[in-house]
Number of protein chains: 4
Amino acid sequence: MVERIVAAAEDVVAERGYDGTSTNRVATRAGVSPGSLYQYFPDKDALITEVLDRYVTALEARISAAFPGRLGPDLSPASIRGVVSELVDALAERPALLRVLSERLPRTAGHRRVAFAQRIDNVTTTALRFRNGPDPLVPVEAVAWVVVRTVEHVAISYVLEEPDLERSMVVDELCTLVSAYLRLRAAP
Amino acid sequence: MVERIVAAAEDVVAERGYDGTSTNRVATRAGVSPGSLYQYFPDKDALITEVLDRYVTALEARISAAFPGRLGPDLSPASIRGVVSELVDALAERPALLRVLSERLPRTAGHRRVAFAQRIDNVTTTALRFRNGPDPLVPVEAVAWVVVRTVEHVAISYVLEEPDLERSMVVDELCTLVSAYLRLRAAP
Amino acid sequence: MVERIVAAAEDVVAERGYDGTSTNRVATRAGVSPGSLYQYFPDKDALITEVLDRYVTALEARISAAFPGRLGPDLSPASIRGVVSELVDALAERPALLRVLSERLPRTAGHRRVAFAQRIDNVTTTALRFRNGPDPLVPVEAVAWVVVRTVEHVAISYVLEEPDLERSMVVDELCTLVSAYLRLRAAP
Amino acid sequence: MVERIVAAAEDVVAERGYDGTSTNRVATRAGVSPGSLYQYFPDKDALITEVLDRYVTALEARISAAFPGRLGPDLSPASIRGVVSELVDALAERPALLRVLSERLPRTAGHRRVAFAQRIDNVTTTALRFRNGPDPLVPVEAVAWVVVRTVEHVAISYVLEEPDLERSMVVDELCTLVSAYLRLRAAP
DNA sequence: TATGAATGAGCTTTCATTCAT
DNA sequence: AATGAATGAAAGCTCATTCAT
C-alpha cells in the first residue's frame, strides 16, 4: 500500500512538479482513495518528503558505491574522475526529480540532501587530513566544503541546464579543477 | 502605487515563498484592494516575475560594477577576489529572495538569471581567449562554463546553507580554487 | 446529492435567471458546500445545462405523448387541438425556466431545443407527404418549418407575455390558423 | 458624447452579447473614461437598454414605413407580402442585436419591443374591425394578437436559425398562412 | 483498514461603480 | 464636465483534509 502510494507520488512529482502534485491526483494514480493516503502520511508534505527522501537514498547508494574502498581516503585523479562521472550519471537518471529536489531544497527533503552532503564533507575532510597530516595552515573543513559544493552543483547544473557542451568535456574540466585545487591544498 | 505593490510583494515573497504568495495577501500587505493589483499586473505571475526581475537586475548591477573595467578581460587573482567577494555580499543581502529565485529558476524569472549567467560565460570566454590566444587544446567555453557555475553555486550555497565556516575563509578557498584552475588553463 | 443540487439549481435558475445563478448560491440553497457541486458537474455551465436539459426532456415527453399514435401522421383538427393545448399547458407549467431557456437558446441547452424542433419538423414533413403524395408544387419542408415555428412561438409568447386574452380563445385561433393553412397546403 | 458611448456600446453588444459587454470595454471602445459613462447612464443596464431601444426604434421606423398608408387598414395579400418581406429584411440587418434583444427580452428593453408589438396589435385590430364591421363572432383582439406573434416570431426564427430554406419560399408560406387565416376571419 | 463523499477556506480574477482631482 | 485610479464584493473553481460508513 505504502509502496503503491509512494510510487504513484514519484510519478506525479516527476511529471508535474511540486505544486502540480495534488493528493487527489496521487490517490487516483495509485488506485487508492484519498483517505487511505492519510493513514500513512500525516499530510501532503510528508508524502513528497518521502518521495524525495527515497530519491536521495538511491542517489547516496549509487554515489557511495563509486568511492573505491567505500568512501575511502583515496583522492587520486582517477578516483575523482570515477566519482564525478558516476555522480553526473546518477543525477542524469531522474532529472525531473532532481529539479524538484533542487527547487524545494530547504523546506522538506532538503535535510536529507544537506545531511548527505555533510557526510561527504566529513569523508573528504578525513581524506584530506589523512593525506596532509596535522597542518594548521590548511583549513580542511572549508576546503572539503568548497570542493563538495563545487562538484555537486556543477554536476546538477550540467544535468538541469543542458548546456551545449560535451559531457566528457565538462567532466574533464571539473576533474581538472578539483585535482588542481586539491593538489595545491595537499601538504607540500 | 506600483512601488507599494511591488514592495509588498517583495516582502511576502521573501517571507512565504512563491506558493505562499497570494494576490490577496500582497494586496492586504500593500494596503490596497485586490483589484488595484490587476491594474498594473496582468496576473499573479507577472507580479512575482517583476519582483524577481528587479532582484536579478540589482544583483547584476552590483556584480557587474565589481568587474574592474566593466566586465573587462582581467582575470588576475585580485580581480577574482573582488568579484567573488562582492558576489557573496550581494547574494547575502536578500537570502529569502535568493532562495525563491533558486526554487523558481526555470519557470519565470529564471530566464533572466540564466541569461545573466550566460553573459558572464561570454565575458569569461572572451577573457580566456584574450589571455590564451587561439589555443585549440583548451576548450574555453567549457572552462568558462565550469568556472562560472562553480563560483555562482558555491556562493549561493554559502548564503543559503549558512555552514559554520568563516566567510573570508570560504571566499579565500573559492578564489584559490578558481585561480589554480585558470592558471592551469592559461596557455603556458 | 445530485438531485439536491439539481433541484436547488432549478430553483435558483427559475428565480434569478442564468447570470444570477452563481455556483455558491446554488450550493447554499442546496445546503451543500461549493466543492461538492464540482464532484458532480465539471463547471457551472454543465450544471445549468443539466437543469435545462431535464426541462426540455420533460417537455418533450409530455408533448410527444400528446401526439396520437406517437407523433403519427395524423393532422386532423382534433389532433392539432390536442397537441397545441397540451403544448401550452406544458409550457405554462414552468414559465421561469421557459424564459431562461428562451434567453439562453443558442449557447447550451439550445441544441436540445433546436434538435427537438427539428424532429417535430420531420414528423410534420412526413405527415404532409403522407397526406399529399408526391406533389412538387407544395414545398413541404418550408410548410412544416413555418407551422412548427408558428405553434411553438405563439404558445411561448402566450405563456411569457401573459396577454389579457382567454387561453381557450388563443388556442382556438392558433388551431384555426394552422388548420386553415394545412388544408390549403393539402393536395386538392 | 452620448453618441460615442452608445455607438461603442452597440458594437460591443453586437460582438460579444449582453454578458460580454462590460462597462470598461464600452468606455475603452468609445475612447472615453469609465467615469464619463456614468454621467449619462445610471448603470450598465440603462446603457444597454438605450442601445436596444434605439434598435427597436429603427426597426419600428422601417416596418411602419412599409405599411401602405402608414399602418393603414389595408390587409390585402400584396400589402401583407410587402410588410412581411420588409420585416424579414429589417430583422436580418443586425442579427447580433436581434439575438441579444430576443435573449434579454423581459428584463430591459423588452418593454419597448412589447409596446411596439402591441401597437401593431392595435393597428391590426382596427384594420380587422374596419373590414369586418361589428361582428361579435370573431374575437378580433385574439386574431390580431395571434397573427402579429406569428409573423414576428417566424421572421425572427428565420433570421436567427438560418434554416436551409429559401428566403422567398418562407416568406411565401408565411404570407399564405396569414392570408388564409385572415380570409377565414373576415366576415363572410 | 480502507473508503470516498463531503468539506470549506482559500485561490485568482473580473467588473460595475465611485470619487478626488 | 470629464477623468481614471481605486475599489471591493463576488464570481468560478481547487484541493488538502476529514469522518461516517
Side-chain angles (χ1 to χ4, degrees), chain A residues 1-2 4-5 12 16 18-28 30-48, chain B residues 1-2 4-5 16 19-28 30-48, chain C residues 1-2 4-5 16 18-28 30-48, chain D residues 1-2 4-5 12 16 19-28 30-48:
Chain A
M1 191 75 170
V2 173
R4 261 166 75 185
I5 294 173
V12 177
R16 320 182 69 115
Y18 190 97
D19 298 350
T21 300
S22 83
T23 52
N24 287 339
R25 193 125 49 195
V26 170
T28 302
V32 147
S33 96
S36 298
L37 211 141
Y38 284 83
Q39 217 114 38
Y40 301 102
F41 301 95
D43 57 20
K44 180 189 169 180
D45 252 47
L47 172 57
I48 297 193
Chain B
M1 189 74 173
V2 172
R4 257 167 79 185
I5 294 173
R16 321 186 66 120
D19 298 349
T21 301
S22 82
T23 51
N24 285 341
R25 199 124 50 193
V26 171
T28 303
V32 145
S33 93
S36 297
L37 212 142
Y38 286 85
Q39 213 129 36
Y40 302 101
F41 301 96
D43 56 23
K44 180 190 168 178
D45 250 48
L47 172 57
I48 298 192
Chain C
M1 190 72 171
V2 172
R4 257 167 80 186
I5 293 172
R16 321 184 66 120
Y18 191 97
D19 297 349
T21 300
S22 81
T23 52
N24 285 342
R25 197 124 51 195
V26 171
T28 303
V32 145
S33 92
S36 298
L37 212 141
Y38 287 86
Q39 212 129 37
Y40 302 102
F41 301 95
D43 56 22
K44 180 190 168 179
D45 250 48
L47 172 57
I48 298 192
Chain D
M1 189 76 169
V2 172
R4 260 166 75 185
I5 294 172
V12 176
R16 321 183 67 116
D19 297 351
T21 300
S22 82
T23 51
N24 287 338
R25 194 126 49 195
V26 170
T28 302
V32 148
S33 97
S36 298
L37 211 142
Y38 284 84
Q39 216 114 40
Y40 301 102
F41 301 95
D43 56 23
K44 179 189 170 181
D45 251 46
L47 172 58
I48 297 192

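Below, chains carry the letters A, B, ... as their sequence lines are ordered, and counting in each starts from 1.
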Engineer: In whole angstroms, how far is the P atom of F:dC15 from the CG atom of A:D45?
Structural biologist: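 Computing the A:D45:CG to F:dC15:P distance gives 16 Å.
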Engineer: Please give, in whole Å, the distance from F:dA6 P to B:R4 CZ?
Structural biologist: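 From B:R4 CZ to F:dA6 P: 8 Å.
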Engineer: What nitrogen or oxygen pairs link the protein and nucleotides 9-11 of chain F at under 3.5 Å?
Structural biologist:
none

Engineer: Pairing of DNA chain E as dot-bracket, 5' to 3': ( ) intra-strand, [ ] crossing, | other strand, . unpaired, with Watson-Crick or G-U pairs under 3.5 Å?
Structural biologist: .||||||||||||||||||||
Engineer: Report the distance from atom CE of C:M1 to atom OH of C:Y40, rounding to the nearest 0.5 Å.
Structural biologist: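 The OH atom of C:Y40 is 5.0 Å from CE of C:M1, to the nearest 0.5 Å.
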Engineer: When you measure from the side chain of A:R16 to the backbone N and O of A:S22, does any donor-acceptor pair fall under 3.5 Å?
Structural biologist: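 A pair under 3.5 Å: no.
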Engineer: Can you tell me which nucleotide in E:dA6, E:dG4, F:dA2 comes closest to the side chain of C:S36?
Structural biologist: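 The answer is E:dA6.
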Engineer: Please give me the minimum heavy-atom distance between C:K44 and C:Y18, naming the atom from each residue.
Structural biologist: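 Minimum heavy-atom contact is NZ-O, 3.8 Å.
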Engineer: Heavy atoms only, 4.0 Å cut-off, all strands: where does A:Y40 land among base, sugar-phosphate and nothing?
Structural biologist: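 If one applies the 4.0 Å heavy-atom cut-off, A:Y40 turns out to touch the sugar-phosphate alone, with no base involved.
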Engineer: Shortest non-hydrogen contact from B:N24 to B:P34?
Structural biologist: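 For B:N24 and B:P34, the tightest heavy-atom pair comes out as OD1-CB, 3.7 Å.
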Engineer: Which of the following nucleotides, E:dT3, F:dT7, F:dT17, is nearest to the side chain of A:Y38?
Structural biologist: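 The listed nucleotide nearest to A:Y38's side chain is F:dT17.
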Engineer: Where is the tightest heavy-atom contact between B:V2 and B:F41, given as atom of each residue plus distance?
Structural biologist: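 Looking at all heavy atoms of both residues, the closest pair is CG1-CZ, 4.1 Å.
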Engineer: For C:T23 and C:L47, what are the C-alpha separation, side-chain angles and deciding distance, and is it a side chain to side chain contact (heavy atoms under 4.5 Å, CB included)?
Structural biologist: CA-CA 9 Å; C:T23 52; C:L47 172 57; 5.5 Å; no
Engineer: Rounded to the nearest Å, what distance is computed from the CG atom of residue C:D19 to the P atom of nucleotide E:dA16?
Structural biologist: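 About 11 Å, once rounded to whole Å.
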Engineer: Taking atom P of F:dA1 as reference, at what distance in whole Å does atom CD1 of D:I5 sit?
Structural biologist: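 Distance, rounded to whole Å: 11 Å.
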Engineer: Please check: side-chain N/O of A:R4 versus main-chain N/O of A:G31, any donor-acceptor pairing under 3.5 Å?
Structural biologist: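 Answer holds: yes.
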Engineer: Quick check: closest heavy atoms across C:I5 and C:S36, and the distance to 0.1 Å?
Structural biologist: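 It is CD1-O, 4.3 Å.
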Engineer: Would you mind reading off the distance between A:L47 atom CG and F:dT17 atom P, rounded to a whole angstrom?
Structural biologist: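 About 11 Å, once rounded to whole Å.
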Engineer: For a quick test of reading the model, state the closest non-hydrogen atom pair linking A:A27 to A:S33 and the distance between them.
Structural biologist: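 Closest approach of A:A27 to A:S33: CB-C, 3.9 Å.
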Engineer: Start at the 5' end of DNA chain F and walk down; is the nucleotide closest to C:D43 or to B:L37 reached first?
Structural biologist: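 Per heavy-atom nearest nucleotide, the more 5' residue is B:L37.
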Engineer: Between P on F:dA5 and CZ on B:F41, what's the gap in Å once rounded to a whole number?
Structural biologist: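 From B:F41 CZ to F:dA5 P: 14 Å.
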